[in-house]
Every structure is written in C-alpha cells, then in structure tokens.
Amino acid sequence: MALIVMKFGGTSVATVERIKNVARHIKREIDAGNQVAAVVSAMSGVTNQLVAYVREASLLHDAREYDAVVASGEQVTAGILAICLQAIGVQARSWQGWQVPILTDNAHGAARIKDIDGTRLRERLLGGEVAVVTGFQGIEPGRQRLATLGRGGSDTSAVALAIALKADLCDIYTDVDGIYTTDPRIVPKARRLSKVSYEEMLEMASLGSKVLQTRSVELAMVYKMRTRVLSSFTAPDAMKPTTPETWDEVGTIVCSEDEIVEQQVVSGIAFAKDEAKVTLLKIADKPGVAAAVFGPLAEANVNVDMIVQNLSSDGKHTDMTFTVQGTELPRALELLKGVQKEIGYFAVNSSADVVKVSVIGVGMRSHAGVAAMMFKALAAKGINILAITTSEIKISVLIDAAYSELAVRTLHSLYGLDKE
Ligand code: ASP
Ligand code: MG
C-alpha cells in the first residue's frame with residue numbers, strides 16, 4: 001500500500017467528462033488499497049479568463065484581490081471532482097488552501113509555500129477518504145488572505161503536499177505521457193525518458209520544456225520527493241495500480257541521480273525560442289564598462305542570460321553581445337538608449353530571430369569533449385554560433401532561429417538519443 005499525491009493539470013480537468021475520467025484514475029488506486037490526496041488545477045483556460053477579468057477591471061489592481069479572483073478556478077475543479085468521486089462510490093472531500101491549511105508568505109500573485117500542516121488530511125486518508133486539494137493557492141497567515149503561487153503553481157502545491165504527507169510518490173498527470181529527450185513535434189525520433197534526475201529536469205524546466213513549474217522541481221530536489229510525470233489520457237483501467245514494483249512502467253520519474261542506472265552522457269536537448277539578442281558596437285575597452293551596461297538592466301529587473309564580449313578590429317574597442325527574454329527586448333533597448341552617453345557605444349543591433357539550443361546531461365560532469373562534439377556537428381551543418389554559455393551539466397548555444405530544427409535534430413542524433 002502506498003500513499004500517493006495525484007495532481008491533475010488544466011487539460012486533464014478541462015470538462016466534467018474529463019473530471020469523471022480523473023475520478024476513475026483515482027478509484028483505481030483506492031480500490032488497490034492506496035491512500036490518495038489529489039491536487040487539481042483550474043479547468044483549462046479558466047485562470048486565463050480570470051486574469052483577464054481582473055485586468056479589465058483595472059490594470060493597476062490590489063494584489064490581494066487579484067488572488068481572491070484567480071484562486072477561484074481551482075475551487076470549482078476540487079468540488080466537481082469530489083462530486084464525481086462520490087458518484088462512483090469513492091469517499092471524497094474537497095479542501096481549499098486555507099482549510100488544509102497551506103501557509104504561504106505574503107507575496108500575493110507569486111507566493112511561496114512556507115508550511116503545510118498535513119495532520120488533518122492524513123487522518124482522512126487513513127480512513128479511506130480521498131482529499132481533493134485545490135492547487136495554486138494557500139493562505140497568508142498574517143492577514144488571513146488567500147494567496148496564489150504564480151502561474152503553473154499547482155505542480156508546486158502537489159510536490160509540497162507530497163512532502164508534507166510523506167507520500168511515496170508525487171504523480172503529475174498531464175496531457176503528455178512523460179518527459180522526452182526533446183520535443184517530439186520537432187524530432188519524431190524523440191524518446192520518452194523513463195527516469196531523469198532532478199538537476200536535469202531543472203535545466204529542462206527552465207529552458208522551455210514547460211511540463212513542470214521550475215519551483216516544483218527545486219522543491220522535489222531539496223526533499224528528494226520522487227515525482228512522476230504521466231498522462232491522464234491513458235484509459236484509467238489500462239493502467240496498473242501504483243506500487244513500488246510497477247511505478248517505473250509508465251511516465252517519467254524525476255528522481256536522484258543515483259537511482260538512474262543507465263545514465264547517458266546527454267539526456268536531452270532543450271530549446272527556447274523566446275530569446276532576443278542585443279549587440280553593442282564599439283564600446284571603449286576599459287574597466288567598468290560591463291557594470292555600466294548591466295547595472296541599469298539589473299536595476300530595471302531585465303534578466304540577462306548569455307554574454308559575449310569580443311575585441312573589435314581596432315583593438316581599442318569591444319563589441320558586447322547578450323541575450324534577454326524576447327518580451328523584454330523593447331525595454332532593454334529603451335534603457336540602453338538612456339545610458340548611451342555613459343557607456344559610450346557606437347551603435348546597437350538587436351534581433352529576436354534567435355533560439356537557444358541546450359544540451360543537458362549529468363553525465364557531462366565526468367565526460368570530456370561533449371562541447372567540442374557539439375560545436376563540430378553544428379559547424380558541419382553550416383550553423384553559426386552567436387553565443388555560448390555552459391554550466392556543469394549544460395551547454396547552450398545561441399543560433400539563428402531559421403536553423404533551430406536542424407540544430408535540434410542534429411544534436412539529438414549526435415548524442416545517440418534517437419529511438420530505433
Ligand atoms: N491554474 C493555475 C494556472 O493556470 C495553476 C496551475 O494550473 O498550475 O496557472
Ligand atoms: Mg502546468
């Protein structure tokens with residue numbers, strides 16, 4: 001018998017029909033003697049609609065009232081799911097964040113979970129009742145107000161609840177059947193990974209494979225909570241009940257590195273299209289210049305990712321290239337214009353037609369030559385690299401957007417990730 005948290009995302013609960021399907025997934029586990037706490041998202045599209053209402057009411061709005069509005073989507077799903085469970089003979093009760101309680105800090109709209117008291121839920125689970133908990137929300141104890149965790153936050157609710165309940169497994173049911181070596185829509189030969197380490201998943205999550213909220217992976221990593229990504233669209237009775245013997249048969253388990261026996265050097269290729277490149281031409285090559293460029297951007301909260309600096313041909317100046325999020329480009333350019341005199345650059349070029357392609361794998365820590373191999377393969381295809389960044393388990397290159405698919409496909413084969 002296992003205690004599992006089962007989280008269902010927006011597409012899995014998009015209609016009452018789908019919520020009934022979710023209820024059958026839960027019933028399968030209860031019938032097998034497992035204890036289940038379910039965490040639900042708002043029905044697909046609902047949170048967007050609620051956010052739109054708030055903006056329509058006033059662009060400048062009170063963050064506590066924003067939370068009061070947007071947290072309501074999850075409340076609807078939790079109630080409907082409890083009703084669907086009861087209708088098929090499963091004891092169930094819905095729980096909102098304040099009822100559990102899930103305590104957060106007071107950063108409304110992007111709150112962090114501080115503590116979850118799992119005592120009452122645990123009693124109910126022991127009695128065979130399913131606890132259906134609203135994702136995405138908690139209560140800020142200071143003012144006793146609802147607080148939401150930021151978009152995609154119900155993944156984090158699920159992992160945090162699993163930790164508080166000391167669950168055996170946190171299952172994230174979604175519309176894909178696991179984590180893939182890359183996006184299967186781009187590379188048909190992409191394979192589902194049966195296991196991936198927390199570190200790798202973190203890189204993938206923050207690089208645009210938006211299956212799990214980054215914060216949820218960080219939390220899972222710190223507390224070593226085994227988290228599985230699987231599809232709710234698989235027929236409920238086509239799946240075996242969850243036991244330690246069968247839980248690696250479907251989906252992808254995000255777990256510690258040492259649980260992964262056949263570790264590849266590279267586990268996946270990620271890419272991010274929402275990048276933009278800025279180049280400052282002919283800046284004086286002297287101390288303090290980088291600070292003059294990046295100081296104002298940092299103050300304005302514009303995140304800079306990749307940075308390259310080259311000496312220009314006259315040897316007295318340097319060109320500086322860096323990337324920002326595509327949506328931040330206009331703001332970044334505006335800020336740079338304001339400090340042109342101080343920095344003393346000659347001109348600025350920018351382009352949003354770039355992508356960042358990254359090769360990720362914990363195996364890189366112990367294998368040399370992974371980067372060299374990557375650069376050689378891209379060169380052989382005539383793909384020019386505009387910028388490079390690396391971490392211990394990741395190499396990212398910035399390239400022209402036109403080459404993104406070719407680059408991803410090339411690297412996917414290069415590191416032996418193609419399925420036969
Ligand atoms: N409903 C919230 C959102 O769309 C939270 C979630 O689904 O994870 O952001
Ligand atoms: Mg999500």
Side-chain angles (χ1 to χ4, degrees), residues 5-16 18-19 22 37-55 61 63 65-81 94-98 100 102 104 107-113 116 132-139 146-162 170-180 183 196 201-202 204-220 225 227-233 251-252 254 270 272 274:
V5 167
M6 300 171 76
K7 183 257 170 178
F8 298 93
T11 49
S12 302
V13 296
T15 60
V16 173
R18 288 195 188 163
I19 298 179
V22 160
V39 172
V40 290
S41 285
M43 294 162 84
S44 152
V46 167
T47 310
N48 286 345
Q49 180 63 66
L50 295 169
V51 171
Y53 286 151
V54 172
R55 293 214 176 114
H61 45 255
E65 300 311 334
Y66 167 93
D67 276 352
V69 176
V70 301
S72 65
E74 274 69 14
Q75 184 175 333
V76 173
T77 319
I80 303 281
L81 177 54
S94 71
W95 296 77
Q96 291 166 39
W98 62 271
V100 175
I102 296 172
T104 71
H108 286 277
R112 287 190 160 229
I113 296 176
I116 298 180
V132 184
V133 181
T134 50
F136 184 52
Q137 56 153 280
I139 182 172
L146 276 174
T148 64
L149 308 180
R151 300 305 306 271
S154 10
D155 296 332
T156 303
S157 307
V159 172
L161 188 65
C170 180
D171 272 342
I172 309 281
Y173 283 83
T174 176
D175 49 8
V176 293
D177 65 351
I179 307 294
Y180 278 71
D183 187 339
V196 66
M201 191 60 227
L202 213 48
M204 293 180 191
S206 59
L207 284 172
S209 332
K210 295 192 176 65
V211 185
L212 292 175
Q213 198 197 31
T214 305
R215 175 86 189 111
S216 70
V217 186
E218 289 169 358
L219 206 59
M225 175 50 62
T227 302
R228 182 170 62 164
V229 174
L230 68 175
S231 172
S232 69
F233 295 106
T252 299
V254 189
D274 53 352

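Atoms within each ligand, like the ligands themselves, are counted from 1 in listed order. Because the structure is a prediction, the values reported are computed rather than measured.
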### Message
Once rounded to the nearest 0.5 Å, what's the spacing between atom CZ of R55 and atom CG of L50?
### Response
12.0 Å

### Query
How far apart are the closest heavy atoms of V196 and M204, and which atoms are they?
CG2-CE, 4.2 Å

Distance-only donor-acceptor pairs under 3.5 Å for side chains of residues 149-161, two or more places apart:
residue	atom	partner	partner atom	Å
R151	NH1	N48	OD1	3.1
R151	NH2	N48	OD1	2.9
S154	OG	S41	OG	2.9
D155	OD1	K7	NZ	2.8
D155	OD2	Q213	N	2.9
T156	OG1	Q213	OE1	2.4
T156	OG1	S216	N	3.3
S157	OG	F136	N	2.8
S157	OG	G153	O	3.3

### Message
Given a heavy-atom cut-off of 4.0 Å, could you list the residues near ligand 1 in chain and number order?
### Response
S41, A42, T47, E74, F136, R151, G152, G153, S154

### Query
Around atom CH2 of W95, are there more than 12 heavy atoms of other residues, nucleotides or ligands at under 6.0 Å?
yes

### Summary
T148 meets the side-chain hydrogen bond (donor to acceptor under 3.5 Å, both in side chains) criterion, sequence neighbours left out, with D67

### Task
Can you sort out the partners of Y180 under ring-ring contact (aromatic ring centres under 6.0 Å, His included), two or more places apart, ordered by chain and number?
none

